[in-house]
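The structure appears right after this line, and notes come after that.
Side-chain atoms are counted along with the backbone in the values below, which use heavy atoms only and exclude waters and symmetry mates.
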Amino acid sequence: QVQLVESGGGSVQAGNSLRLSCAASERTLSNYAMGWFRQAPGKEREFVAGVSWSGSRTSYVGSVKGRFTISRDNAKNTAYLQMNSLKPEDTAVYYCAAKRVSYSEIYYYTRASEYDYWGQGTQVTVSS
């Protein structure tokens, strides 16, 4: 059982930045593809960004392209989501997720149903 703990959320004004971290209890995160999702009040959970186990492949939802960057440090068992130029519509609870993969599975994953483990979420609030 992998435990994921998000941190770095908070309240900021539009245009500012936050960096979310996702620390995993697993000894090595390199066995997992990672993803970030978010859920705003009254809305369904949506994919934000995904990264392959090696970090070489990434994907983003269109609304965050050019503003958010997903990355990972397998040696630290941590994934990150750097969020720049934040907008009020980015306000949501952000969740990190992990999907166990083999080394031959070189891609990211964009559907919530594909992930095996989830964190508890961290709130991000962006005011105008």
Inset, instruction - Please list all pairs passing the salt bridge (charged side-chain N to carboxylate O under 4.0 Å, His left out) test where one or both residues lie in residues 39-58, with sequence neighbours left out. - result: Arg38-Glu46

Inset, instruction - Please list all pairs passing the salt bridge (charged side-chain N to carboxylate O under 4.0 Å, His left out) test where one or both residues lie in residues 111-121, with sequence neighbours left out. - result: Arg111-Glu114

Once rounded to the nearest 0.5 Å, what's the spacing between atom [atom1] of [X] and atom [atom2] of [Y]?
X      : Y     : atom1 : atom2 : answer
Met34  : Thr78 : CE    : OG1   : 9.0 Å
Ser128 : Gln13 : OG    : CD    : 8.5 Å
Leu81  : Arg72 : CG    : CZ    : 13.5 Å
Tyr80  : Ser7  : OH    : OG    : 9.0 Å
Ser30  : Asp73 : OG    : CG    : 11.0 Å

Legend entry - Derivation of the side-chain contact (heavy atoms from CB on, under 4.5 Å) call for Leu86 and Phe68: CA-CA 9 Å; Leu86 283 161; Phe68 290 12; 3.8 Å; yes

Legend entry - Result of checking Tyr115, Tyr95, Tyr94 against Phe37 for ring-ring contact (aromatic ring centres under 6.0 Å, His included): Tyr115

Not counting sequence neighbours, list each pair that qualifies as a disulfide (SG to SG under 2.5 Å) and has a residue in [range].
range          : answer
residues 23-80 : none
residues 39-87 : none
residues 8-125 : Cys22-Cys96
residues 40-71 : none

Determine whether a donor-acceptor pair (N or O, by modelled atom type, separation under 3.5 Å) exists between the side chain of [X] and the backbone of [Y].
X      : Y      : result
Ser25  : Val2   : no
Ser56  : Ser54  : no
Asn74  : Trp53  : yes
Arg100 : Tyr117 : no
Asn84  : Ser17  : no
Glu6   : Gly121 : yes

Inset, instruction - Go through the steps for Glu89 and Val126 under the test side-chain contact (heavy atoms from CB on, under 4.5 Å), then give the verdict. - result: CA-CA 8 Å; Glu89 50 263 45; Val126 185; over 6 Å; no

Measure across [X] and [Y] and return the closest heavy-atom pair with its distance rounded to 0.1 Å.
X      : Y      : value
Ser59  : Phe47  : O-CZ, 3.6 Å
Tyr109 : Ala33  : CD1-CB, 3.7 Å
Ser52  : Ile106 : CB-O, 3.1 Å
Ala92  : Ala40  : CB-N, 3.8 Å
Leu4   : Ala24  : CD2-CB, 3.7 Å

Legend entry - Residue pair Arg67 / Tyr60, side-chain heavy-atom distance below 4.5 Å: no

Legend entry - Heavy-atom side-chain proximity of Met83 to Asp90 below 4.5 angstrom: no

Legend entry - More than 12 heavy atoms from other groups under 6.0 Å of CD on Glu105: yes

Legend entry - Verdict with supporting geometry, Ile70 and Tyr108, side-chain contact (heavy atoms from CB on, under 4.5 Å): CA-CA 11 Å; Ile70 188 171; Tyr108 46 79; over 6 Å; no

